[in-house]
**Student:** 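My questions all concern the structure below.
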Amino acid sequence: MTVELKNDLLLRALERQPVERTPVWIMRQAGRYLPEYREVRERAGDFMSLCRNAELACRVTLQPLRRFDLDAAILFSDILTIPDAMGLGLYFSPGEGPKFQNPVSSEADIRRLAVPDPEEELGYVMNAVRTIRHELRGAVPLIGFAGSPWTLATYMVEGGSSKEFARVRGLLYQEPSAMHKLLEILARAVTEYLNAQVRAGAQALMIFDTWGGTLTRENYRDFSLNYMQQIVDGLIREHEGRRIPVTLFTKNGGAWLEEMAATGCDALGIDWTQPIDIARARVGSKVALQGNLDPCVLYAQPDVIEAQVAKVLQDFGSGSGHVFNLGHGIHPAVPPENVKVMVDAVHALSPALHAPSPDKSQAKSEG
């Protein structure tokens, strides 16, 4: 039996419905900036062991909600679970980020890849989703997520993180058919993975296109947006009697907002380099917007944080369709008390932007 959702501000804002205040959550809100997270991760042994333990993944997912008055939980996992399930051997080196033991280096490697069964090879993720939904008890919605095909491909071909993306972009130019084959496989995998998260209990979805901004305009359309479009077209959009909103986030993707909005997604994530008032003017009421406080603001004093929160809210303006967030993930060294300042400022300042206008209130009373 489905538990009634007590706080649905996020879902209403993503669908551009009226809300009493602007909802707020934080990308990477369960993470190293919280001492309680670091304790659980140490007990787990390593990052992937933490991800594969549904009870511990649930615990760290809920940690930020116990500290801050947030309007959503986001599944604790990693975008690279899909390539790991494809046999690439994901591991994490201290100070170096994710790496693969078996990177993709040829068309023959691509032909050997298969779409993983989300309830088999990725069953630990679905177990975490089900566990988190149960423990949330309807307090706030649960966001599921995945990396975009292009972003996953960058790690798979590079063998880890990169500054130049020389290998993957070289493959794009040298063997475009091979790159398309890889992205087609990944698009199918991401679609099945996200749909499985919905069936397990995710109530909203987000696709992180972290490295789409490294591409030229033409290549972005052909090798990133095209495959996100395929995913959006293939997603479950209603479950448990409610619409499942989908957010696309391309870091440094300000040049393509109109094209992203045309995919049929419900919202766009905006990084801190793109003014949110200009973004809203460009996409109009077609999609909601999420963002876009510079994460480094959270290193500042409380009065500065409050002023910057006010600026983002005022720049978006009145009305619904805004989810307050950072313009990218929270930094590990941010003091937790500064996060509370930000969240409390959104709660205090945003209701005025959603109050009925005097003219409408007067007209209603006279009617």
Side-chain angles (χ1 to χ4, degrees), residues 25-34 36-38 40-41 43-65 70 72-92 97-100 115-136 140-149 151-152 154-156 160-161 186 189-210 231 235-236 244 246-249 269 325 328-330 332:
W25 68 278
I26 307 161
M27 287 187 278
R28 295 183 189 155
Q29 64 189 23
R32 288 177 289 169
Y33 74 104
L34 294 175
E36 56 266 41
Y37 167 84
R38 296 194 295 271
V40 175
R41 177 166 174 173
R43 188 191 322 166
D46 59 66
F47 179 78
M48 287 308 295
S49 295
L50 177 52
C51 289
R52 292 189 175 103
N53 185 312
E55 180 186 342
L56 295 183
C58 175
R59 186 173 303 178
V60 296
T61 297
L62 299 183
Q63 284 173 345
L65 275 72
L70 299 164
I74 183 166
L75 165 68
F76 182 82
S77 188
D78 192 84
I79 63 170
L80 299 179
T81 52
I82 288 176
D84 182 47
M86 291 176 163
L88 271 65
L90 176 64
Y91 68 99
F92 288 81
K99 291 182 175 293
F100 285 114
V115 173
D117 185 323
E119 287 290 355
E120 294 295 332
E121 291 95 335
L122 291 161
Y124 65 91
V125 177
M126 306 314 143
N127 289 339
V129 172
R130 285 185 278 265
T131 303
I132 296 163
R133 265 298 297 272
H134 178 266
E135 291 301 318
L136 279 170
V140 294
L142 174 61
I143 302 169
F145 71 92
S148 72
T151 291
L152 298 182
T154 64
Y155 288 99
M156 293 168 72
S161 56
L186 288 170
V190 171
T191 303
E192 292 188 18
Y193 182 59
L194 290 175
N195 282 339
Q197 289 184 38
V198 170
R199 287 189 289 267
Q203 294 153 294
L205 297 173
M206 187 158 177
I207 300 172
F208 288 94
D209 186 33
T210 310
I231 294 165
L235 288 176
I236 295 170
I244 306 295
V246 179
T247 301
L248 302 185
F249 173 67
N325 208 313
H328 200 237
I330 188 169

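Quick caveat, the model's predicted, so the values are computed rather than measured. Computed from heavy atoms alone, side chains included, the values below leave out hydrogens, waters and symmetry copies.
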**Student:** Begin from the C-alpha positions of Arg133 and Gln203 and carry the test side-chain contact (heavy atoms from CB on, under 4.5 Å) through to its verdict.
**Tutor:** CA-CA 9 Å; Arg133 265 298 297 272; Gln203 294 153 294; 3.4 Å; yes
**Student:** Has Arg38 got more than 12 heavy atoms of other residues, nucleotides or ligands less than 6.0 Å from its CZ?
**Tutor:**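 Yes - once you tally the heavy atoms of other residues, nucleotides and ligands closer than 6.0 Å, there are more than 12.
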**Student:** Checking the side chain of Asn325 only, and the main-chain atoms of Met27 only, is there a donor and an acceptor separated by less than 3.5 Å?
**Tutor:** yes
**Student:** Using every non-hydrogen atom in the two residues, find where Gln197 and Gly144 come nearest and quote the distance to one decimal.
**Tutor:**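 In this case the closest contact between Gln197 and Gly144 is OE1-CA, 3.0 Å.
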**Student:** Nearest 0.5 Å, please: how far is OG1 in Thr61 from CD1 in Ile74?
**Tutor:** 9.0 Å
**Student:** Can you find a heavy atom in the side chain of Val190 that is under 4.5 Å from one in the side chain of Leu152?
**Tutor:** yes
**Student:** Looking only at atom types and distance, does a side-chain atom of Asp209 sit under 3.5 Å from a main-chain N or O of Ser148, one as donor and one as acceptor?
**Tutor:**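 No; judged by distance alone, with no hydrogens or angles, the pair does not exist.
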**Student:** State, yes or no, whether a side-chain contact exists between Arg59 and Glu135 at a heavy-atom distance under 4.5 Å.
**Tutor:**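 They are not in side-chain contact.
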**Student:** Is Glu119 salt-bridged to Arg130, going by a charged N under 4.0 Å from an acidic O?
**Tutor:** yes
**Student:** Tell me, with the steps shown, if Ile132 and Leu75 meet side-chain contact (heavy atoms from CB on, under 4.5 Å).
**Tutor:** CA-CA 8 Å; Ile132 296 163; Leu75 165 68; 3.9 Å; yes
**Student:** When rounded to the nearest 0.5 angstrom, what distance separates CE in Met86 from CG in Leu186?
**Tutor:** 4.5 Å
**Student:** If you measure from CD1 on Ile231 to OH on Tyr193, what distance do you get to the nearest 0.5 Å?
**Tutor:** 12.5 Å
**Student:** Determine whether Tyr155 and Ile79 make a side-chain contact, defined as any pair of heavy atoms from C-beta on separated by less than 4.5 Å.
**Tutor:** yes
**Student:** Using the benzene-type ring in the case of Trp, are the ring centres of Phe145 and Phe249 under 6.0 Å apart?
**Tutor:** no
**Student:** Specify the closest pair of heavy atoms between Leu122 and Pro116, including all atoms of both residues, with the distance to one decimal.
**Tutor:** CD1-CG, 4.0 Å
**Student:** Among all residues two or more places apart in sequence or in another chain, which pass the ring pair (Phe, Tyr, Trp, His ring centres under 6.0 Å) test with Phe100?
**Tutor:** none
**Student:** When you compare the side chain of Leu235 with that of Val198, does any pair of heavy atoms fall below 4.5 Å?
**Tutor:** no
**Student:** Between Ile26 and Leu70, is any pair of side-chain heavy atoms under 4.5 Å apart?
**Tutor:** yes
**Student:** Can you see which heavy atom on Ala57 is nearest to which on Cys51, and at what distance?
**Tutor:** CB-O, 4.2 Å
**Student:** Between the main-chain N or O of Leu34 and the side-chain N or O of Gln63, is there a donor-acceptor pair closer than 3.5 Å?
**Tutor:**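 Not at all, since once roles are kept as given, no pair shorter than 3.5 Å links the two residues.
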**Student:** Could you tell me whether the side chain of Thr247 and the main chain of Gly269 form a donor-acceptor pair under 3.5 Å?
**Tutor:**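 Side chain of Thr247 to backbone of Gly269: no pair is present.
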**Student:** Taking it one step at a time, do Asp78 and Asp84 satisfy side-chain contact (heavy atoms from CB on, under 4.5 Å)?
**Tutor:** CA-CA 10 Å; Asp78 192 84; Asp84 182 47; over 6 Å; no
**Student:** Is any side-chain heavy atom of Leu50 closer than 4.5 Å to a side-chain heavy atom of Phe76?
**Tutor:**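 They are in side-chain contact.
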**Student:** CZ/Phe47 to CG/Leu80 distance, rounded to the nearest 0.5 angstrom?
**Tutor:**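 Phe47 atom CZ to Leu80 atom CG measures 9.0 Å (nearest 0.5 Å).
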**Student:** Kindly compute the distance separating SG (Cys58) from CG (Leu136), expressed to the nearest 0.5 Å.
**Tutor:**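 If we round to the nearest 0.5 Å, Cys58:SG and Leu136:CG are 7.0 Å apart.
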**Student:** Measure the spacing between CG of Asn195 and CD1 of Ile236 and express it to the nearest 0.5 Å.
**Tutor:** 4.0 Å
**Student:** I'd like to check Tyr33 versus Pro64 (side-chain heavy atoms, cut-off strictly below 4.5 Å). Are they in contact?
**Tutor:** yes
**Student:** Using modelled atom types and a 3.5 Å cut-off, is there a donor and acceptor pairing between side-chain atoms of Gln29 and backbone atoms of Ala72?
**Tutor:**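 Present.
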**Student:** To check you understand the geometry: which heavy-atom pair defines the closest contact between Glu121 and Ala85, and what is its length?
**Tutor:** CB-CB, 3.9 Å
**Student:** Give me the atom names and distance for the closest heavy-atom approach of Ala73 to Val140.
**Tutor:**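 Answer, listing the atom of Ala73 first, then Val140: N-CG2, 3.7 Å.
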**Student:** In the structure I gave you, are the side-chain heavy atoms of His328 and Thr210 within less than 4.5 Å of one another anywhere?
**Tutor:**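 Yes, side chains in contact.
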